Amino acid sequence: MEFIDFFIDLFTDYTTRTIGIGTAILGIVSGVLGSYAVLRQQSLLGDAISHATLPGIAIAFLIIGTKSTAFFFLGAAVAGWAGTMWIRGIVQNTRIKSDSALGLVLSVFFGFGMVLLTFIQKMPNANQAGLETFLFGQAATLIHTDVILMAIIGAFSLFAVILLWKEFKILTFDPQYAATLGFNTKLLDIILIFIIVLAIVLGLQAVGVVLMSAMLLAPAAAARQWTDSLSIMILLAALFGALAGLTGTAISSAAMNLSTGPVIVLVSIAFVFISFMFAPNRGLLFREIRKQANKKEMRMNHVLENMYWIALGHENLQHPHSNAILNKTLGYSKKCMRELRDKHLIELNEDYDWNLTEKGIKRAKEVYTDNNKNEQQ
Amino acid sequence: MSVAQLEIQIIAVIVAIACALPGVFLVLRKRAMISDAISHAILPGIVIGFFLTGDLSSPFLVLLAAATGVLTVSLVEVIDRTGLVKEDTSIGLVFPALFSIGVILISRYAGDVHLDTGAVLLGELAFAPFDRLIINGIDMGPKALYVMGGILLINFLFISVFFKELKISTFDVGLATTLGFTPMVLHYLLMSIVSITAVGAFDAVGSILVVALMIVPAATAYLLTDDLRTLLILSGLAGLISALAGYWIAHWLDASIAGSMATVVGLLFLLTYLFAPGRGIYFIIRRRKRQKYEFAQMTLTVHIMNHSGEYDNIEERRMDHFQHHFNWDLEQARTIVKQALRNKFIQLDGDLISLTNRGLRFARASQSLIMAEKDPNINEFRKQFVTFNE
């Protein structure tokens, strides 16, 4: 199957298109809000929130007795919100650190949710089937009305982010400064977390509680590598999120037996991997290239400086040096000499000895005075 | 109570204690979330191990999966060291990736494996007694009992043997290094222990509740004691209680045993969070109230004292004037004055406030307490003015 075939379903098949649009919306919203989570070093908060939503879904079902996406959203949001507030309470009031508080709320809420879910499953009620899809999510169950609901909630969160753009920005990078400017940082913090909770709830049906945190983190972590500007990072994260949603849906609909949630997560983590490797400024590849270039330049400077230093004792700055002597210089290698020659900084005389060219002398002098200045300091 | 029920409870207790012990060090070392990462990331290890051996309790599978756990820890550290993202983000990226691979492997080959994705998250303790160890045709009891018993023993031995090293490297990495321990080696040993425990417990309680059993008992104990040994004992005890109570609640509701163990241990934590002596929310709120009250009394009396000179502006001591200085609203100011009257610190002459002898002594003591250069002895102060020992 050609790669492009994967995407054909997205345009031709109604179900796949619905799922694709749903996961793309999810990708955009979680990419945008995940950016704040990553920058504020609350990456694992999303993990805790998404697990904490489970009892909310179960209780919503127990109350209304039937499956309703809107009520599940509500229950999940309330439970996720309660969990987050408890995490804050634990961190502020006890000596327990945030990592333990996260793990604690995550696992206890989830455990309680499991008790409720298994309890519901034993109830004589035909409507209960399929509640456990929230564990891993089942994008295939997304229907038209779900996607519309997702679009509404998503638009609401994005609108809030745009409206409070300046406030969230300063809250993210310098909360103390924000407080001195008179912003109510506590309130802003709560609003931001609330919107993050909304984004997470949005994704539960498609990717499930376990993998939702990766949806939040991965596009943002990937986008972070390409830019230092918040607005560009958020746009990129939204783009990566949407692409991950579409590609993931396409792959899982083309290849049988692959659940959509894990595939989307793997695609978005592939984006992270690519960004880690190939992003121009921060990426590992270019970092390594720069490192090697620096090393090379240092080696060349070393040889030049040494030649210049020896030549200083010979009155003639173009004094030739034999390979046997230069051999003892740090950084000397045939390759290095060849490169210096190619740059016309040194030349080979008729005795096969090396001497500096005019250009080389100028350069070597710069390096020499620079280094000696540093030493004197 | 049937034999199977008894066996389940014994296994539950062993699992809970085996998790609670290393959990203490995770909580103290601020690495609690690594248990979440490990317990998820061992999934592909378990699946592959299961393909190879066909037996969930085979020691080979336990080792292979535990190796995946250690691999996770080192992957997190590798990403962390590149400085591209913060440590929590790298944790949040590594384990979903490995977990997704595990889930895909399971769903892809679902027909051949009796692992299903629900069991991955939940485990099924109720089935543990069915998988029995039979040697020479003699029934030696459930396999899980031996696997988890062995892991509990390993954990116990590890902590007893390296108690001193763990203690120092947990509380003072710098000192541990100068004393010649290598904290890194110890760290990886601990991570291996956590991984092995997570793998062993996985079958019984599933990947997420491993986290509950590791972190929550330790966090609960941490609110109750400052002593590492007591911390370990209390943590184990919390595990034990949650295992037994969790089992019976699950039995009564006909619900997931693991889930109800996590719920019980969560309730234990909640109780401690609210009422731990000296550290619970109840005491914190009471203490804050009392400090506020104390401080208001000190502020009032010191203010009156400072304006009690012969030529001083008498307005400063009037009921409806002084409150503005402290940003108290009238209601608040009235209450504070009423309290001071009850404490016999002040007397009222119309709306003019003046200090009693006792009030003057209190104001002086307060002043020297506030101005003290060294740590003031507030308890001595409180003893002197018994009103505060309400």
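The structure presented is a predicted model; accordingly, all values stated were derived computationally and were not measured. Note on naming: letters A, B, ... go to the chains in the order of the sequence lines (proteins, then strands), and numbering restarts at 1 for each one.
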With a 4.5 angstrom heavy-atom cut-off, which part of [X] approaches chain A: side chain, backbone, both or neither?
X      : answer
B:I215 : side chain
B:Y273 : side chain
B:R29  : neither
B:D88  : both
B:K30  : both
B:I281 : side chain
B:L270 : both

Check each atom of [X] against the heavy atoms of chain B and say whether the ones under 4.5 Å are side chain, backbone, both or neither.
X      : value
A:I269 : side chain
A:Q41  : both
A:N93  : both

Aromatic plane relationship, B:W248 with B:H251 - under 30° parallel, 30 to 60° tilted, over 60° perpendicular: perpendicular
Measure up the A:F240 and A:F271 rings against each other and bin them: parallel (under 30°), tilted (30 to 60°), perpendicular (over 60°). parallel
Among [options], which residue forms the greatest number of heavy-atom pairs with chain A at distances under 4.5 Å?
options                      : answer
B:G23, B:G83, B:P96, B:A218  : B:P96
B:I34, B:I79, B:L93, B:V85   : B:L93
B:S35, B:G266, B:A250        : B:G266
B:T82, B:V210, B:D254, B:I91 : B:D254

When only pairs under 4.5 Å are counted, which of [options] shares the most heavy-atom pairs with chain B?
options                        : answer
A:L116, A:V272, A:L284, A:V108 : A:V108
A:G46, A:G261, A:G103, A:A37   : A:G103
A:F112, A:F109, A:W86          : A:W86
A:R224, A:Q42, A:R95           : A:R95
A:L216, A:I90, A:V263          : A:I90

Tell me whether B:D80 contacts the main-chain N or O of B:V76 through its side chain, where contact means a donor paired with an acceptor under 3.5 Å. no
According to side-chain hydrogen bond (donor to acceptor under 3.5 Å, both in side chains), who are the partners of A:D174, at least two apart in sequence or on a separate chain? none
With sequence neighbours left out, write down each residue that passes side-chain hydrogen bond (donor to acceptor under 3.5 Å, both in side chains) with B:T72, or none if nothing qualifies. none
Non-hydrogen side-chain atoms of A:V210 and B:V103 separated by less than 4.5 Å: no
Are A:L211 and A:P262 close enough that some pair of their side-chain heavy atoms sits under 4.5 Å apart? yes
Inspect the surroundings of CZ in B:F283 and state if more than 12 heavy atoms from other residues, nucleotides or ligands are less than 6.0 Å away. yes
Side chains of A:S43 and B:T89: any donor to acceptor distance under 3.5 Å? yes
Kindly indicate, with the supporting measurements, whether the criterion side-chain contact (heavy atoms from CB on, under 4.5 Å) is fulfilled by A:M212 and A:T53. CA-CA 11 Å; A:M212 189 48 218; A:T53 56; over 6 Å; no
Using the rule given for side-chain contact (heavy atoms from CB on, under 4.5 Å), can you reason through A:K186 versus A:R88, listing the C-alpha separation, both sets of side-chain angles and the distance that settles it, and then say yes or no? CA-CA 11 Å; A:K186 209 171 169 182; A:R88 282 172 66 104; 3.9 Å; yes
Can you check side-chain contact (heavy atoms from CB on, under 4.5 Å) on B:K289 and B:K292, steps first, answer last? CA-CA 5 Å; B:K289 235 175 166 167; B:K292 216 169 162 181; 5.7 Å; no
